[in-house]
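Have a look at the structure below, then the notes.
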Amino acid sequence: MKFFTKKRIVLFLLFIFPLILFLILSTGTNNFTKLPVLTKNVADISEIDSKNQTSFKGHISIVSFLGNNTENMRPGILALNEKIYKTFLDYKQFQIIAIYPKGSDAAVDRLKEKLSDFTDMQNWIFVESSEGEIEGFYDTMSINEPLVDLTTNNVFLIDREGNLRGRTNDDDTSDGKLYGYNINSVSVLNSKLKDDVKVLYYEYYAAFKDKNKNKANRKEVGL
């Protein structure tokens with residue numbers, strides 16, 4: 001009997017415990033806290049989308065700005081597609097929104113064609129808008145770094161309530177605040193954006209679980 005008990009302990013230490021530790025570490029330390037809100041009530045994407053394709057409400061959205069030279073953005077967008085879009089494609093209410101100025105249709109169509117070679121496009125949303133509307137929308141995110149030629153290499157994470165999420169303790173920024181994620185950096189996509197999207201989903205899952213638990217408790221006491 002003691003032999004089997006010791007055997008179980010050895011198996012746990014050799015196999016099961018390292019697996020549990022790996023799962024904890026691989027999800028990132030940020031997963032156990034809420035993802036900070038950096039800007040509340042960003043203007044809804046529907047306000048500049050003439051086709052009225054979507055809204056931030058009820059979605060977890062990643063927003064990119066393609067600008068006037070979509071070709072320059074292609075490598076980063078393809079990396080975003082590979083590292084982030086494919087990871088979360090099957091998650092509920094997930095979408096990536098690419099905003100581009102009027103007159104860029106041909107270049108955007110080429111980008112869409114390139115993306116469609118690699119993946120299902122159902123959660124890629126392309127929004128055409130005027131220069132003034134794009135700049136006005138960007139301003140509502142209250143980011144100190146301006147758009148250059150209507151574009152930026154950063155993408156932005158918007159929650160289901162239309163708030164901009166990010167980090168307040170980032171090691172790579174002077175004030176610790178991370179508003180956007182550089183799509184030209186694979187390490188940022190893998191170690192920051194991917195992790196933060198998971199954090200946000202976990203946050204909503206935990207809130208949903210607590211809500212159901214509270215409902216069950218109220219039923220037990222007859223409320």
Side-chain angles (χ1 to χ4, degrees), residues 23 26-28 30-49 51-66 73-74 76-100 108 111-112 114-129 137-138 140-141 152-167 178-209 211-212:
L23 290 172
S26 66
T27 57
N30 220 16
N31 279 8
F32 299 98
T33 60
K34 289 185 177 182
L35 195 65
V37 173
L38 298 181
T39 304
K40 292 184 177 180
N41 301 319
V42 172
D44 193 69
I45 191 64
S46 62
E47 295 183 19
I48 66 169
D49 181 11
K51 295 180 180 178
N52 196 27
Q53 301 173 90
T54 190
S55 170
F56 289 147
K57 305 302 181 184
H59 292 86
I60 289 178
S61 308
I62 294 173
V63 179
S64 65
F65 293 84
L66 299 181
M73 295 294 292
R74 179 184 289 188
I77 292 296
L78 292 178
L80 180 67
N81 181 68
E82 187 68 27
K83 301 298 181 181
I84 304 300
Y85 181 82
K86 287 184 177 181
T87 300
F88 298 103
L89 174 60
D90 295 325
Y91 281 52
K92 291 183 177 180
Q93 290 86 43
F94 175 77
Q95 61 184 1
I96 294 184
I97 298 172
I99 302 171
Y100 67 95
V108 170
L111 177 61
K112 288 180 182 178
K114 191 69 176 178
L115 287 169
S116 65
D117 289 340
F118 301 100
T119 192
D120 183 346
M121 296 287 289
Q122 63 176 325
N123 292 337
W124 269 103
I125 311 296
F126 288 82
V127 173
E128 181 186 47
S129 194
F137 167 77
Y138 183 80
T140 68
M141 291 196 288
T152 171
N153 290 324
N154 290 332
V155 294
F156 306 93
L157 182 56
I158 308 293
D159 67 20
R160 298 191 308 191
E161 289 74 40
N163 302 314
L164 175 68
R165 298 294 192 105
R167 298 187 176 194
L178 181 70
Y179 285 88
Y181 306 81
N182 189 341
I183 58 176
N184 290 327
S185 170
V186 173
S187 63
V188 168
L189 293 176
N190 276 330
S191 65
K192 294 186 181 183
L193 181 54
K194 186 180 292 183
D195 186 55
D196 287 358
V197 174
K198 289 179 180 178
V199 172
L200 193 50
Y201 269 106
Y202 178 81
E203 180 182 325
Y204 284 124
Y205 169 76
F208 175 77
K209 195 173 181 180
K211 183 179 179 181
N212 285 346

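By the ring-ring contact (aromatic ring centres under 6.0 Å, His included) test, Tyr179 is found to be paired with no residue, residues two or more places apart in sequence or in another chain being considered. Residues satisfying the ring-ring contact (aromatic ring centres under 6.0 Å, His included) criterion with Tyr181, sequence neighbours excluded, are absent altogether. Taking Asn41 as the reference, nothing meets the side-chain hydrogen bond (donor to acceptor under 3.5 Å, both in side chains) condition, with sequence neighbours excluded. Taking Phe56 as the reference, nothing meets the ring-ring contact (aromatic ring centres under 6.0 Å, His included) condition, with sequence neighbours excluded. Listed by chain and number, the residues in a ring-ring contact (aromatic ring centres under 6.0 Å, His included) with Tyr204 amount to none (sequence neighbours excluded).
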Stepwise side chain to side chain contact (heavy atoms under 4.5 Å, CB included) test for Phe126 and Lys51: CA-CA 10 Å; Phe126 288 82; Lys51 295 180 180 178; over 6 Å; no
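Side-chain contact between Ile45 and His59 is absent, with no heavy-atom pair separated by less than 4.5 Å. The shortest side-chain heavy-atom distance between Arg165 and Leu38 does not fall under the 4.5 Å cut-off.
What you find for Ile158 and Met141 is that their closest heavy atoms are CD1-SD, 4.3 Å.
With salt bridges taken as basic N to acidic carboxylate O contacts below 4.0 Å, none links Lys34 and Asp159.
The side-chain contact (heavy atoms from CB on, under 4.5 Å) with Tyr85 is formed by just one residue from the set Leu115, Leu78, Ile77, Thr119; it is Thr119.
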Please tabulate, one pair per line, all N/O donor-acceptor pairs under 3.5 Å involving side-chain atoms of residues 86-93, not counting sequence neighbours.
unit_1 : atom_1 : unit_2 : atom_2 : d
Lys86  : NZ     : Glu82  : OE1    : 3.0
Lys86  : NZ     : Phe118 : O      : 3.4
Thr87  : OG1    : Lys83  : O      : 2.9

